[in-house]
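Read through the structure below, which is laid out as structure tokens, and then see the notes.
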2 protein chains.
Amino acid sequence: MSGTRAARVTIHDIARELGISPSTVSRALSEGGVVSPATRQAVQDAAQQLGYETNRAARSMSLGRMHGLGLIVPDLRDPFFAEIAKDTQSRARVLDTAVYIADTDRDPAAELDVIRSMRREVDGFVVCAPRSADDALTAALDGAPSVIVHRSVDGFACITADLVDGMRQAIAHLRAIGHRRIAHVTGPAGSWSTAERLRGYELEVEPRDRIVIGPNADAFEGGVAAAERLLAAGATAVVTYNDFSALGLLSRLTALQVRIPQDLSIVGFDGLDVASVARPLTSVDVPRARAARMAVDVLLREAPGPQSSVVLPTQLIVRATTGPAPSQ
Amino acid sequence: MSGTRAARVTIHDIARELGISPSTVSRALSEGGVVSPATRQAVQDAAQQLGYETNRAARSMSLGRMHGLGLIVPDLRDPFFAEIAKDTQSRARVLDTAVYIADTDRDPAAELDVIRSMRREVDGFVVCAPRSADDALTAALDGAPSVIVHRSVDGFACITADLVDGMRQAIAHLRAIGHRRIAHVTGPAGSWSTAERLRGYELEVEPRDRIVIGPNADAFEGGVAAAERLLAAGATAVVTYNDFSALGLLSRLTALQVRIPQDLSIVGFDGLDVASVARPLTSVDVPRARAARMAVDVLLREAPGPQSSVVLPTQLIVRATTGPAPSQ
DNA sequence: TTGTAAGCGTTATCAT
DNA sequence: ATGATAACGCTTACAA
């Protein structure tokens with residue numbers, strides 16, 4: 001059984017089988033082809049029966065386009081991007097589109113390189129490229145249909161989340177339970193999302209009340225390093241730029257005998273499940289699965305442009321790392 | 001600047017530019033091509049200067065191979081597989097091969113489906129398919145060059161890790177610090193690696209001393225659920241089937257006021273960094289980056305077959321969740 | 001060493 | 001409605 005490891009079936013085989021021309025077969029097999037219903041049926045039956053599968057390379061060459069999409073992510077080890085990859089891929093599969101993946105290992109130069117080298121091989125890009133400069137990114141994409149995820153770049157379709165509002169929710173929650181000294185541990189310099197969260201923070205907190213610690217290149221280590229400065233500054237609560245930063249903070253503070261949330265409240269960002277295995281973390285959930293699916297839809301079903309941009313809502317999830325401000 | 005949104009540069013353009021024939025250009029650009037050093041240099045310079053990039057579709061059609069590889073993973077949200085994806089991708093890029101990724105969401109039927117639908121589009125597969133049956137997998141792959149990662153299937157090149165030895169190391173470590181009642185929390189039924197770890201456990205522990213808890217479909221929840229049974233059985237130490245299972249256990253035991261490692265020692269499996277953000281976990285490291293790189297190398301540089309199979313060593317990493325057995 | 005020419009499987013144009 | 005033919009860009013005998 002199955003042993004039919006034979007040479008691949010082509011439209012020529014079908015044509016010969018049916019005594020018609022390859023072009024007719026091609027027409028019968030393609031969407032808008034003009035053929036008699038009878039012929040179409042016969043061709044489809046024969047194709048089915050012979051086990052014909054269209055040769056994408058040949059079709060690509062003829063059409064000048066590939067049936068695939070390039071996904072650029074900075075680091076698959078980061079669960080945030082692993083989830084984006086998962087959902088990009090699953091949505092693309094529904095739309096019969098292959099996903100060609102490139103992990104740039106957080107190197108801005110690599111981001112541009114892989115884009116350039118894939119540009120001709122794919123129909124478009126879903127891009128998570130937090131590091132490279134706007135203009136360099138624009139130049140590298142060079143007109144290729146693209147959707148930028150989790151970052152806003154002029155002239156592109158961008159699927160982002162309302163981080164400013166997420167920050168507002170976090171701070172409102174902390175204030176409601178009595179906190180006044182609320183710090184912010186920021187992310188890597190030059191990242192769009194780091195800037196947005198900071199903007200949200202500055203919108204909510206008076207200049208004289210601000211405690212900003214950062215930038216921090218590494219999430220967990222940045223959190224660890226921030227702990228002492230946080231205490232020195234007299235903060236009773238902190239919003240970090242992502243969940244791993246919050247975990248770093250939590251780990252160091254616990255070592256310093258600081259009780260969470262009795263002595264200090266912590267709000268993370270992203271809402272990753274994996275971050276809560278250690279400790280139920282209050283966090284601002286950032287929709288990433290939904291962003292990925294929308295990105296694919298925009299890329300494959302529209303001519304993606306600035307008009308397709310979407311800002312998705314964020315949502316504070318209160319768990320066990322926030323509580324009333326210490327009374328003192 | 002950059003505005004060269006022109007038609008793609010082909011070898012014909014280079015040929016015309018240099019006043020030579022396209023075939024010479026092709027030869028100069030390909031590995032084993034026979035050309036005079038001078039010509040080769042000139043061609044490479046011109047290619048560089050004109051911004052030539054080879055058209056994969058055309059090359060695929062001519063060569064009959066795709067310069068692409070299919071990567072099948074059960075779940076990208078699982079850091080173990082996210083890391084495999086990352087390294088598969090990075091190694092493939094070095095070898096100028098595209099990676100088409102498919103996340104099967106732990107569905108055995110999906111594993112077979114995506115393999116069948118990608119089979120013609122790629123040169124081969126790197127397969128992480130812990131769930132589907134051996135024969136169904138074999139049938140779906142149907143002779144396509146394939147390397148199976150982290151599972152052993154007859155007739156295929158398999159890159160696995162020595163889980164039996166990892167288990168031996170874990171138990172030896174625990175015994176050396178006085179433990180006698182050592183339990184094992186197992187993984188999902190039907191998974192190759194679950195069976196291997198159990199086999200290692202049974203090799204080391206006398207039947208009358210065995211405490212096996214499982215199978216557990218979900219890692220973290222399985223760990224949580226195992227906690228009480230573990231205590232009831234009088235275990236002083238436990239080896240879990242992966243790190244998240246250990247974390248689930250840790251979380252529940254901590255809630256039960258059990259001190260780790262004073263009252264109970266825990267050894268995880270996999271050695272994930274992300275698992276140790278919460279608490280430095282003693283764990284058996286399973287090489288996954290290396291497995292991924294080897295899989296790609298075997299796939300692209302050999303005709304992969306059973307003779308290419310490799311068993312990689314595992315390595316116990318002692319951290320903070322194991323300690324001397326309680327004296328009493 | 002280099003050029004010529006055929007062919008990979010598909011789609012599109014143009015006749016018929 | 002269908003068939004012949006060219007074209008997509010590349011590789012590779014084969015010829016020179």
Side-chain angles (χ1 to χ4, degrees), chain A residues 6-47 50-68 96-98 117-123, chain B residues 6-47 50-68 96-98 119-123:
Chain A
R8 171 164 203 164
V9 179
T10 73
I11 54 173
H12 294 269
D13 298 323
I14 302 182
R16 190 168 346 98
E17 181 81 11
L18 264 46
I20 60 180
S21 84
S23 12
T24 303
V25 175
S26 173
R27 274 187 294 255
L29 256 21
S30 58
E31 288 295 294
V34 191
V35 234
S36 78
T39 312
R40 161 156 287 150
Q41 191 56 56
V43 169
Q44 287 175 341
D45 291 350
L50 296 177
Y52 170 80
E53 288 171 82
T54 135
N55 180 328
R56 282 176 131 110
R59 183 216 257 150
S60 295
M61 215 171 57
S62 188
L63 257 39
R65 27 162 288 154
M66 293 288 207
H67 216 62
D96 190 32
T97 298
S117 80
M118 288 172 64
R119 201 176 48 210
R120 302 299 199 167
E121 323 293 338
V122 298
D123 301 325
Chain B
R8 169 166 205 164
V9 179
T10 73
I11 54 173
H12 295 270
D13 298 321
I14 301 182
R16 193 168 344 101
E17 180 81 10
L18 265 45
I20 60 179
S21 85
S23 26
T24 302
V25 175
S26 172
R27 276 187 291 253
L29 257 21
S30 57
E31 288 295 294
V34 190
V35 236
S36 78
T39 314
R40 161 157 286 151
Q41 191 57 56
V43 168
Q44 286 175 342
D45 291 351
L50 296 178
Y52 169 80
E53 289 170 81
T54 134
N55 180 328
R56 285 181 128 104
R59 183 219 255 150
S60 295
M61 215 167 56
S62 185
L63 257 39
R65 29 164 288 151
M66 293 303 213
H67 275 261
D96 190 32
T97 298
R119 204 176 43 209
R120 297 299 198 165
E121 323 294 338
V122 298
D123 301 323

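All chains are named by letter (A, B, ...) in the order of the sequence lines, taking the proteins before the strands, and each is independently numbered beginning at 1. Model, not experiment: these values are computed from the prediction.
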- In whole angstrom, give the distance that lies between atom NE2 of B:His67 and atom P of D:dG9. 18 Å
- Integer-rounded Å distance: D:dG9 C1' and A:Leu63 CG: 15 Å
- Item | Residue whose closest nucleotide on DNA chain C lies nearer the 5' end, B:Ala58 versus B:Gly19 | B:Gly19
- Here the distance between atom P of C:dG9 and atom CD of A:Glu53, to the nearest Å, is 14 Å
- Task: Pick base, sugar-phosphate or nothing for B:Thr10, based on heavy-atom distances below 4.0 Å to the nucleic acid.
- Result: sugar-phosphate
- Base, sugar-phosphate alone, or nothing: which one does B:Thr39 contact when heavy atoms must sit under 4.0 Å apart? sugar-phosphate
- Message: Can you confirm whether B:Tyr52 sits close enough to B:Leu29 that some side-chain heavy atom of one is under 4.5 Å from a side-chain heavy atom of the other?
- Response: yes
- Task: For B:Ser23, report the nucleic acid contact type (base, sugar-phosphate, nothing); a contact means any heavy atom under 4.0 Å.
- Result: base
- Message: Heavy atoms from C-beta onward define the side chain here; which of C:dT2, D:dC10, D:dG3 lies closest to that of B:Arg27?
- Response: C:dT2
- Rounded distance in Å - CE (A:Met61) to P (D:dA7): 13 Å
- Query: Rounded to the nearest Å, what distance is computed from the CZ atom of residue B:Arg56 to the P atom of nucleotide C:dG9?
  - Reply: 20 Å
- Query: To the nearest angstrom, how far is A:Glu31 atom CD from C:dA12 atom C1'?
  - Reply: 17 Å
- Message: When you measure only distances, ignoring hydrogens and angles, does the side chain of A:Ser21 come within 3.5 Å of the base of D:dA4 through a donor and an acceptor?
- Response: no
- Atom-to-atom span, CD1 of A:Ile11 to P of D:dA4 - whole angstrom: 13 Å
- Message: Without decimals, in angstroms, what is the distance between A:Ile14 CD1 and C:dT11 P?
- Response: 11 Å
- Task: Please determine, for the side chain of B:Val35, which listed nucleotide (C:dG7, D:dT12, C:dT2) has the closest atom?
- Result: C:dT2
- Item | salt_bridge(A:Arg59, A:Glu53) N-O dist < 4.0 Å | no
- Item | Sub-4.5 Å side-chain heavy-atom contact between A:Thr24 and A:Leu18 | no
- Query: Does a distance-only test, which skips hydrogens and angles, find a donor-acceptor pair under 3.5 Å between the side chain of B:Thr24 and the base of C:dT2?
  - Reply: no
- Query: Among D:dA1, D:dA4, C:dG3, which is the nearest nucleotide to the side chain of A:Val34?
  - Reply: D:dA1
